[in-house]
There are 2 protein chains.
Amino acid sequence: MSASIKLSHSIKALCYLAECYPEPKTSKDIAESIGANASKMRQLLSMLVKQNIVASTQGVKGGFLLNQDPAKIHLQEVYCSIEDRKAFHLDVSHINGESKDRTVLFNNYFLELFADVQVEIEHKMKNINISSIMRNLNLKSNYSVPNTKTI
Amino acid sequence: MSASIKLSHSIKALCYLAECYPEPKTSKDIAESIGANASKMRQLLSMLVKQNIVASTQGVKGGFLLNQDPAKIHLQEVYCSIEDRKAFHLDVSHINGESKDRTVLFNNYFLELFADVQVEIEHKMKNINISSIMRNLNLKSNYSVPNTKTI
DNA sequence: CAAAATGTTACACTAACTATAACAATTAGA
DNA sequence: TCTAATTGTTATAGTTAGTGTAACATTTTG
């Protein structure tokens, strides 16, 4: 498990979008700003879009726009958006199907045990958000609550 | 990283050795008891031997023997013995060498951030030991402090 | 209708993991 | 001293996951 480069690319992209807010940025812009491939970034960003962390518009003048307050975007959310595996997981699916009592007992226990460690990781990741990351890096967020329609 | 099947194999082997103590068990015995390959188990066990968690003797009547109190063998130790990667790591080694200020800043920060999560994982793993695992599984340890030479 | 952009799928390449085999080194015991 | 049993180590092939990239359908602006 492990945390991958996908996570750091996603975080970098979110920081960039917070800085550039409210100007939509294309996958090309984002990719260039962080030294990644535009197609790969679209893959990552499309997953963040599905979680409503980022908004996207297609077509000319389209692009990606931050869709949540950076202070409310937690590392945990980002991780879960782009990774289907748990950070600390055990794959028991293809452990041989003999189903001996002992093996089954062990495997079930390990699943619990790993889940327990996983809870700790998630707890830790919930305390970190895009806003705190940007502060640590002396980046200035330009995000503000989008205009609501006034009467 | 991720936690692998190696960890569960290692734990199973240690529990088995605790049950069988003080009888040395061969890699073949151990492998059969947990449904794994003997050669693979030797690879894992040899790493535990290097950490003095397990003792080994070669030759006829040789085998592996638990070398520490199961209550003092922590999940953390076992993990570090068999995995060279951290549980929650970021591989920044081959991030492109352009060395732009921003990229370097980000990468250094992520390394810190991930190390921080790693500390939590390790802390959690230190609270789990072979003895507690065996209790949870209703396995009976037969380990006792080896005879010291009496005068 | 054309250009620009996302969203998605596909594909090759690499890295890591798993399972297995092979063999050198070591040891006990006949 | 020889043989069998065992660890320790290395090598190899197969599988899985991750990365980088390209291709193309879809959508949208003007």
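A, B, ... follow the sequence lines: proteins, then strands. Residue 1 opens every chain.
Nearest heavy atom pair, residue K6(B) against residue I82(B), reads NZ-O, 3.3 Å.
In this entry the distance linking CD of E23(B) with P of dT6(D) reads 12 Å, nearest Å. In this entry the distance linking NZ of K40(A) with P of dA23(D) reads 17 Å, nearest Å.
A distance-only check finds a donor-acceptor pair linking the side chain of E77(B) to the backbone of H74(B) [under 3.5 Å]. At least one donor-acceptor pair under 3.5 Å links the side chain of Q68(B) to the backbone N or O of N52(B).
Place S27(A) and G62(B) on DNA chain C by their nearest nucleotides, and S27(A) ends up nearer the 5' end. Nearest-nucleotide positions on DNA chain D place N37(A) closer to the 5' end than the other of K61(A) and N37(A).
Within the nucleic acid shown, K6(A) comes within 4.0 Å of sugar-phosphate atoms alone, with no base atom in reach, counting heavy atoms only.
Here E120(B) pairs with E120(A), K124(A) under the side chain to side chain contact (heavy atoms under 4.5 Å, CB included) rule; sequence neighbours left out.
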Taking only N/O atoms, report every protein-nucleotides 7-9 of chain C pair under 3.5 Å with atom names and distance.
| unit_1 | atom_1 | unit_2 | atom_2 | d |
| --- | --- | --- | --- | --- |
| dG7(C) | OP1 | S56(A) | OG | 2.4 |
| dG7(C) | N7 | R42(A) | NE | 3.1 |
| dG7(C) | O6 | R42(A) | NH2 | 3.1 |
| dT8(C) | OP2 | K50(A) | NZ | 3.4 |
| dT9(C) | O4 | Q43(A) | NE2 | 2.9 |

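The stretch residues 39-55 of chain B participates, sequence neighbours left out, in no salt bridge (charged side-chain N to carboxylate O under 4.0 Å, His left out) pair at all.
Contact of the I121(B) side chain with the Y79(B) side chain is not registered, since no non-hydrogen atoms from C-beta on lie closer than 4.5 Å.
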